Asker: 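Structure incoming, see below.
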Amino acid sequence: MDGQNNLPLTDLFASLTEAQRTAVAHIDGPMLTLAGPGSGKTRVVTHRVANLVRQGIQARNILALTFTNKAADEMRQRLAALAPGQPVWMGTFHRFCVRTLRIHAPLVGLSENFSIYDMDDSRKLLKLVLAEERLESTHASPDSIAHAISAAKNNLVTPDKYRETALYGSTLGSLVERAYPAYQRALLRANAVDFDDLLQHVAVLLRENPDVRKQQDAKYKYILVDEYQDTNLAQYAIIRALSIDYPNLSVTGDPDQSIYGWRGANVRNILEFEKDFPNVKVVRLEQNYRSTQSILRVADVLIAHNKRRKKKRLWTENPEGEAVRLVCYPTHTDEAEQIASQIATAVRQGKYRPRDFAIFFRTNALSRQFEHALREQVLPYQIVNGLEFYQRMEIKDVMAYLHLLNNQRDNVALRRVINTPTRGIGKSTITKLQEYASHRGLSMLDAARQAGLIEGLPKKSAVAVAKFVALIDKLSESLTAEVEQIVGMVLSESGYREVLQNSESEEDQERLANLEELLTAARQFDMHNPQGGKLEHFLEETSLVSDTDAWSSDTDRVSLMTMHAAKGLEFPVVYIVACEQGLLPHERSRHDEEKLEEERRLLFVGLTRARQELQLSYAQYRMFRGINAPTIPSHFLQELPRDEMRLQEPKTGPRRLIDFDSQLPADDDHLDEGPIEHAAATEQDISFEPEEFSQIEPSEARKKPQLDKRFSLMSGADLLTRQADTGPRFPPNVFKHGMNVLHPEHGLGTIIALGGEGPKRTATVQFASDNRERRFFLIHAKLEPVEME
């Protein structure tokens, strides 16, 4: 019985509440556990697994699925304490699908050493496909096409079925109809999958191969799913297929915390679970162990405004605690500075540590002001869900070498490394290799092996390509070595390390340090995985890593993150900022009731991350995408029990940084049109920042703002007193996209585009005085960076 007699004799039920005991004691048949925030659901899941094993169920017949590596690791650690040595498989949906596909890869047209493309790699492949198919269009961006393909895959719409979707017939739909099958063929040729494929391939595999489905169903007779409210149609199909012969499916979740609709999650999966399994046992976990009573009441009142939910009443035996604060600041700068000051004061007084604080916002675009304010207070901070380690340029370069070594059909990896570091292989050579490979059905590496036969390829280029092939062949000889050794060989044999070591650039030295960290990660992997076949396993782990996996409560830093990234975390003190119409709730939810309810759930998640103190805030004026405008407080704030909260209004009027010729209309259309670039995602298998902001064209009233001279200058001097002929004060590399700058003749403006390199580096600036765009060579431009107060 898999050693169940060796289980600890501690009573599993002693520390559980009555509701928790009911869930843990359940054995056969379906069960739905509605678990409110902070109600101990992870405790219930792990105790139930331990109880199943104690009841004689073999550990290898139990499957536990969740959505983040961090949650899976926590469950494994807890289970190890309750039932040591039990080989229960616990992990994310995507990791489970990778494991299944490695075994059954040929059934979906793959080899078992397939590559997993992250969002960046899949976008690169899609752009190549669009170019080859001549599908470039001014009416649909590659990102919009990629989003449509992703949505189709999440809804199990295969390329041959795409015409049946609602999108077909539109301009975008017509493009997707041609791009989707071509993109899928390119993935199969490269022996690669994107994250959506991991789910779709397994769902189709189980649907079209009855023997495989029955085998998997019999293997995993007891399935537990955490965060079930976040499942999409593909995940739902996988779970249902594995629960036909043995319907012992236990799902845990909370419809009130379903916040991933933008990536395909369907709250109906949990709302209609009782229709799928009529004999289901339903358990409600409503006692909260995390938050104070005052915080919990505010959250409970807010979420009660949603209609698509299963009603429950959150309660706690925790103390009443401090009243929730609702603060109105004059400007976004006041908001950031005063919050940073409050944190600094609490830390200096010894009341809290920096790690006890978290600042939540709706989009990463709002983080900059808070970063600046925290730096001014000399407070350490970390951005969660920002640029993650494995997305750094130098790390992706080396990882691309590893992917190519593991899967020599990986054309995206080859294109990245064939001239990295520079070895005389230009774009025209790569294009000729691509064309030669496409016409003959070869991988680009196989085409490179025939470089001498490619018509029109100069001898010098053919020699350079041949040397690259020799490099790959030499590195391939080390595939059975430790991963750390393989990485070290790549760094040395490719010349990558030597280039960075010989550089005097501080940035290159930082890259070198990052590569040393990659070697450390490889060494740690080797230590934890003494078995063979390591490189493939290492690539799998790094492909499925997420930003929040790297977050640790032991790091003594203030945490800055979106509310999506905050899911599953908790902090003693939480600040939720920019609670304003168009930001929270998101602009796109304004005319969509379902999206509006998801935005309310998102705020609910943010509220319930706080343990002891909670503050919500908004600014009367906010600078956003270069335009300073009055805001409208989020209507969610009107839904809160304000009589139980501590309200704080500004004692004086707002400091207006930019005046307008006329009164702005009283609605939330103060954001200018155009997408905002979001930082790279959260767990890559399910987490990426939601849709781009869709904003409204500025009205005529705000197209001619007058410059207000109340701003601070990064140089610490008053630029307005400088003469026009003083010359440039800053090198070109100082200027960044979106930076506010001052010109002695044209006044205040915002950099909206950058281009070129070195002395040809240019900036396109939109000036507030006349709303005109002007282009400058930065080496000569009399532009000075400024920071608005």
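For clarity, every value in this text was computed on a predicted model and none was experimentally measured.
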Asker: Could you tell me which residues satisfy salt bridge (charged side-chain N to carboxylate O under 4.0 Å, His left out) with E639, sequence neighbours excluded, listed by chain and number?
Answerer: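 Checked E639 against salt bridge (charged side-chain N to carboxylate O under 4.0 Å, His left out); matches are R600.
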Asker: State the CD-CZ distance between Q369 and F361, to the nearest 0.5 angstrom.
Answerer: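 If I round to the nearest 0.5 Å, the distance is 12.0 Å.
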Asker: Checking side-chain polar atoms at under 3.5 Å, does S589 have a donor or acceptor matched by the opposite partner on D592?
Answerer: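 No, no side-chain donor-acceptor pair sits under 3.5 Å.
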Asker: Using the side-chain contact (heavy atoms from CB on, under 4.5 Å) criterion, which residues pair with T316? Sequence neighbours excluded.
Answerer: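 T316 satisfies side-chain contact (heavy atoms from CB on, under 4.5 Å) with N288, Q293, L296, N318 only.
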Asker: Mind checking what makes ring pair (Phe, Tyr, Trp, His ring centres under 6.0 Å) contact with Y352, not counting sequence neighbours?
Answerer: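 Result, ring pair (Phe, Tyr, Trp, His ring centres under 6.0 Å) vs Y352: F357.
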Asker: Please name the residue in the list Q77, K70, R76 that meets the side chain to side chain donor-acceptor pair (under 3.5 Å) test with D73.
Answerer: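 Looking at Q77, K70, R76, the match for D73 under the side chain to side chain donor-acceptor pair (under 3.5 Å) is R76.
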Asker: Using side-chain contact (heavy atoms from CB on, under 4.5 Å) as the criterion, list what pairs up with S634, not counting sequence neighbours.
Answerer: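 Checked S634 against side-chain contact (heavy atoms from CB on, under 4.5 Å); matches are C579, Q581, P585, F636, L637.
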Asker: Quick one: list whatever passes side-chain hydrogen bond (donor to acceptor under 3.5 Å, both in side chains) with D121, sequence neighbours left out.
Answerer: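 Scan of D121 (side-chain hydrogen bond (donor to acceptor under 3.5 Å, both in side chains), adjacent residues dropped) gives none.
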Asker: Is there any salt bridge (charged side-chain N to carboxylate O under 4.0 Å, His left out) pair reaching into residues 608-617, and which pairs are they, with sequence neighbours excluded?
Answerer: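 The answer is R325-E613, K351-E613, E570-R611.
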Asker: For S617, which residues count as a side-chain hydrogen bond (donor to acceptor under 3.5 Å, both in side chains) partner, sequence neighbours excluded?
Answerer: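 Applying side-chain hydrogen bond (donor to acceptor under 3.5 Å, both in side chains) to S617 gives E335.
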Asker: I'd like to check the ring pair (Phe, Tyr, Trp, His ring centres under 6.0 Å) partners of F360; sequence neighbours left out, ordered by chain and number.
Answerer: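 Residues passing ring pair (Phe, Tyr, Trp, His ring centres under 6.0 Å) with F360: none at all.
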Asker: Applying side-chain hydrogen bond (donor to acceptor under 3.5 Å, both in side chains), can you list everything that pairs with K41, at least two apart in sequence or on another chain?
Answerer: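 With neighbours one apart ignored, the set is D226, E227.
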Asker: Could you pull out all residues at least two apart from Y117 that satisfy ring pair (Phe, Tyr, Trp, His ring centres under 6.0 Å)?
Answerer: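 Result, ring pair (Phe, Tyr, Trp, His ring centres under 6.0 Å) vs Y117: none returned.
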Asker: Under the side-chain hydrogen bond (donor to acceptor under 3.5 Å, both in side chains) rule, collect the residues that match up with E644, sequence neighbours excluded.
Answerer: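 Per chain and number, E644 pairs via side-chain hydrogen bond (donor to acceptor under 3.5 Å, both in side chains) with R297.
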Asker: Before you tell me yes or no, could you show the steps for F525 and T542 under side-chain contact (heavy atoms from CB on, under 4.5 Å), namely the whole-Å CA-CA distance, both residues' side-chain angles and the distance that decides it to 0.1 Å?
Answerer: CA-CA 10 Å; F525 176 86; T542 55; over 6 Å; no
Asker: Residues two or more places apart in sequence or in another chain: which of them pass side-chain contact (heavy atoms from CB on, under 4.5 Å) with R511?
Answerer: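 So R511 forms a side-chain contact (heavy atoms from CB on, under 4.5 Å) with M393, E394, L500, E507, D508.
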